[in-house]
Each structure stands twice: as C-alpha cells, then as structure tokens.
Student: 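I am attaching a structure below and will ask some questions about it afterwards.
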2 protein chains.
Amino acid sequence: MLGALTLQDNGVPIYVQLRDQIAAAIGRGDLAPGARLPTMREVAVTLAVDLNTVQRAYAALEEDGLVTMVQGRGSFVADPAPPARSRSAEIRTLAAKVAAQAQAAGVSLDELAEALRHLSGRAAP
Amino acid sequence: MLGALTLQDNGVPIYVQLRDQIAAAIGRGDLAPGARLPTMREVAVTLAVDLNTVQRAYAALEEDGLVTMVQGRGSFVADPAPPARSRSAEIRTLAAKVAAQAQAAGVSLDELAEALRHLSGRAAP
DNA sequence: AAAATTGTATGATAATATGCATACAATCTC
DNA sequence: GAGATTGTATGCATATTATCATACAATTTT
C-alpha cells in the first residue's frame with residue numbers, strides 16, 4: 001500500500017516529488033505489481049495540486065515502465081516489477097544531507113537519531 | 001575535500017542538486033568547518049553551468065547557515081551553530097522536518113537513525 | 001441506457017529556472 | 001599601486017513548471 005504522499009517546499013518540482021515517492025514505494029515493494037494507484041484526481045485533491053501536475057508525474061512513471069495507465073479504469077503498477085535498487089547508498093546520501101542540517105541547527109547526530117527513534121515509535125503524523 | 005559534483009537530468013533544478021550535494025559533503029564531514037569551497041566560477045566552468053545558477057546554490061547554503069561567503073576571498077564552510085535556547089524543542093522540530101524528508105525519500109526513520117548513528121561513529125545498539 | 005468515474009487533452013497565464021552578457025565591489029597578489 | 005581573483009548584481013531571452021478552466025474518451029456502475 002502506498003503511504004501518504006507529502007510535498008515539501010524545497011525547490012524540487014512537485015511532479016518530481018510525486019514521481020520519486022511513488023517510484024520509491026514501488027521499488028520498496030509497498031506497491032505490488034498489479035496494485036492500483038490512487039486516482040489522479042484523488043492525489044490532486046488531497047494534495048491540493050493541479051490535475052495536470054499529477055498527470056505529468058504518472059506519465060513519467062509510465063515512461064519509466066513502472067506504471068501502466070488505462071483510460072476509464074485507472075493506473076496500476078506495471079507487471080514486471082523492476083528490480084529494487086540498492087537503497088543503502090540512497091540512505092547514506094539522505095543521512096549526510098540531514099547531518100548537515102543538524103550541524104547547522106547545532107544538534108548532534110546522536111540527539112537527532114534519538115529523537116527519530118521516538119518519532120518512529122508512534123503512528124505516522 | 002569536496003567530491004566531484006555531478007549533475008543529473010532528472011527534473012531536479014541544477015541549483016538544488018548543487019545545494020544538496022554540497023550540504024551532504026558538509027554533513028558527511030568531507031568539508032570541515034572553515035574549509036574553502038570551490039570558487040563559484042570554478043563550479044560554473046567545470047560543470048558548464050551558469051554563474052548565476054551556482055550563486056543561487058551557494059546563497060541557499062548560506063541561508064541554511066552551512067556556508068559563509070566573503071567577497072573577494074571566497075566561500076567557506078560555516079562554523080557549527082551555537083546550541084539553541086530551548087534545546088529539546090529545537091531537536092524535536094528538526095526531527096520532524098527530517099522525518100518528512102525521509103518519508104519523501106522512501107526511507108524509514110529507523111533506517112535513517114541507523115545511518116546517522118553510523119555517521120556519528122557509534123555502533124548500532 | 002444513463003450516470004459516474006477515470007484517464008487524456010488543450011489553451012491561457014504566471015512564476016521559476018537557466019543561460020548569456022556585462023558590470024561593480026571587495027580582497028588578494030605582485 | 002596595478003592587476004588578478006572572487007563574490008555580487010543586473011537585464012534580457014528562453015524553456016520549464018504550475019495553475020485554472022474546460023472538454024473529450026474509455027470504462028465501470030447503477
């Protein structure tokens with residue numbers, strides 16, 4: 001199942017954020033082959049984003065062979081599940097980026113890791 | 001030392017890619033506080049990118065408190081920020097922001113916390 | 001068959017990103 | 001002091017991104 005999509009105001013285009021989050025969910029196995037994606041209009045409404053923007057994201061996913069779209073039916077995870085990419089490097093990249101923010105905020109990595117552990121113990125906000 | 005900066009044609013704005021890569025290098029410790037960043041013109045030339053674009057990336061890094069720019073001298077990694085006033089609240093705020101980024105990247109908080117502990121030089125519990 | 005749902009498409013508009021050229025200001029080097 | 005280096009700034013042109021509005025086409029539901 002696809003976790004909640006979220007948008008950030010960090011300069012990355014909205015359609016890229018959507019594409020990458022959905023691609024990550026598929027690669028992670030949260031969305032199995034054949035599973036139905038949320039309706040473009042659903043995504044557009046819940047995220048307060050234009051339908052064209054969602055369409056662009058879905059089209060990019062289809063371009064990458066991750067998703068197939070059928071008019072009148074919906075959009076689905078493509079059948080041959082693409083091999084899950086190695087995530088360790090991606091995680092390390094994120095960790096480094098986060099570490100920079102922590103340093104800028106004067107927070108040690110241990111303190112941040114501890115706070116994250118507490119956050120992960122609760123339900124997703 | 002800053003590893004080679006690379007640009008990808010994945011829809012992410014160039015200045016965002018530069019900002020994130022340099023921020024990651026700082027957080028990773030590859031660029032220590034006080035270390036000099038490559039000249040804006042150096043980056044612009046070697047990556048075949050406009051000077052304005054590099055400037056935008058550097059300005060964003062300064063905005064985030066990661067870099068300080070001095071006219072005529074160059075740009076340098078900022079000294080770590082002094083401890084915040086209400087420390088626990090500050091940490092929680094940062095953790096929440098970071099949690100959003102992790103979700104956007106398809107990385108669980110546990111994975112991120114683990115990577116952060118690794119970065120800080122400690123073994124996992 | 002009719003209505004609702006869902007993907008597909010278009011045109012207009014505003015904001016943003018990038019490149020190109022040029023110039024100024026502060027600092028360093030000689 | 002003169003020249004080179006480096007950050008800072010501007011104006012213009014073009015492409016990309018996002019929104020709004022509207023409409024059509026294929027499929028499902030009633």
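Every value quoted in this text rests on a predicted model; they were computed, and no experiment measured them.
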Student: Using every non-hydrogen atom in the two residues, find where A:Arg19 and A:Ala60 come nearest and quote the distance to one decimal.
Tutor: CD-CB, 3.7 Å

Student: Among D:dT8, C:dG19, C:dT8, find the nucleotide with the atom closest to the side chain of B:Gln71.
Tutor: D:dT8

Student: Applying side chain to side chain contact (heavy atoms under 4.5 Å, CB included), run through B:Leu47 and B:Leu18 and close with a yes or a no.
Tutor: CA-CA 10 Å; B:Leu47 292 185; B:Leu18 294 179; 3.6 Å; yes

Student: Rounded to whole angstrom units, what separation is found between the CG atom of B:Leu47 and the C1' atom of C:dT18?
Tutor: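 Going from CG in B:Leu47 over to C1' in C:dT18 covers 14 Å.
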
Student: Please check the phosphate of D:dT17 (OP1 and OP2 only) for any side-chain N or O of A:Arg56 closer than 4.0 Å.
Tutor: yes

Student: Separation of B:Asn10 atom CG from D:dT17 atom P, in whole Å?
Tutor: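 Between P of D:dT17 and CG of B:Asn10: 11 Å.
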
Student: From CG of B:Leu7 over to P of C:dT18, roughly how many Å is that when rounded to an integer?
Tutor: 10 Å

Student: What's the closest nucleotide to the B:Asn52 side chain, out of D:dA9, C:dT8, C:dA25?
Tutor: D:dA9

Student: Does some side-chain heavy atom of A:Gln17 sit less than 4.5 Å from a side-chain heavy atom of A:Asn10?
Tutor: yes

Student: Could you tell me how far apart B:Met69 (CE) and D:dT8 (P) are, to the nearest whole angstrom?
Tutor: 4 Å

Student: For the side chain of A:Arg41 and the base of C:dG7, is some donor closer than 3.5 Å to an acceptor across the two?
Tutor: yes

Student: Would you say A:Ser75 reaches C:dG7's phosphate, i.e. side-chain N/O to OP1/OP2 under 4.0 Å?
Tutor: yes

Student: Tell me whether the OP1 or OP2 atom of D:dG7 has a side-chain N or O from B:Tyr58 closer than 4.0 Å.
Tutor: no

Student: Do you see a donor-acceptor pair shorter than 3.5 Å between the side chains of A:His118 and A:Glu114?
Tutor: yes

Student: Return whichever of B:Gly72 or A:Glu42 has its heavy-atom-nearest nucleotide of DNA chain C closer to the 5' end.
Tutor: A:Glu42

Student: Check whether any side-chain N or O of A:Thr39 sits under 4.0 Å from OP1 or OP2 of C:dT5, and answer yes or no.
Tutor: no

Student: Whole-Å distance between D:dT16 C1' and A:Asp50 CG?
Tutor: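 Taking CG of A:Asp50 and C1' of D:dT16, I get 15 Å after rounding.
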
Student: Assess the residue pair B:Leu109 and B:Val98 against the criterion (side chain to side chain contact (heavy atoms under 4.5 Å, CB included)); give the C-alpha distance rounded to whole Å, side-chain angles, the decisive distance to 0.1 Å, and a yes or no.
Tutor: CA-CA 9 Å; B:Leu109 296 187; B:Val98 160; 5.8 Å; no

Student: Roughly how many Å is it from CZ in A:Arg36 to P in D:dT28, rounded to a whole number?
Tutor: 10 Å

Student: Where the side chain of A:Gln55 is concerned, which of C:dG19, D:dC20, C:dT8 is the nearest nucleotide?
Tutor: C:dT8

Student: To the nearest Å, how far apart are B:Met40 CE and C:dG19 P?
Tutor: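 Rounded to whole Å, this separation is 15 Å.
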
Student: Once you apply a heavy-atom cut-off of 4.0 Å, does A:Leu51 come out as touching a base, just sugar-phosphate, or nothing?
Tutor: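 Contact class for A:Leu51: base.
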
Student: Think B:Arg73 has a side-chain N or O under 4.0 angstrom from the OP1 or OP2 of D:dG7?
Tutor: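 No.
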
Student: Roughly how many Å is it from CZ in A:Phe76 to C1' in C:dG7, rounded to a whole number?
Tutor: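 One finds 11 Å between C1' of C:dG7 and CZ of A:Phe76, rounded.
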
Student: Map B:Val70 and A:Tyr15 onto DNA chain D by nearest heavy atom, then report which one ends up closer to the 5' terminus.
Tutor: B:Val70

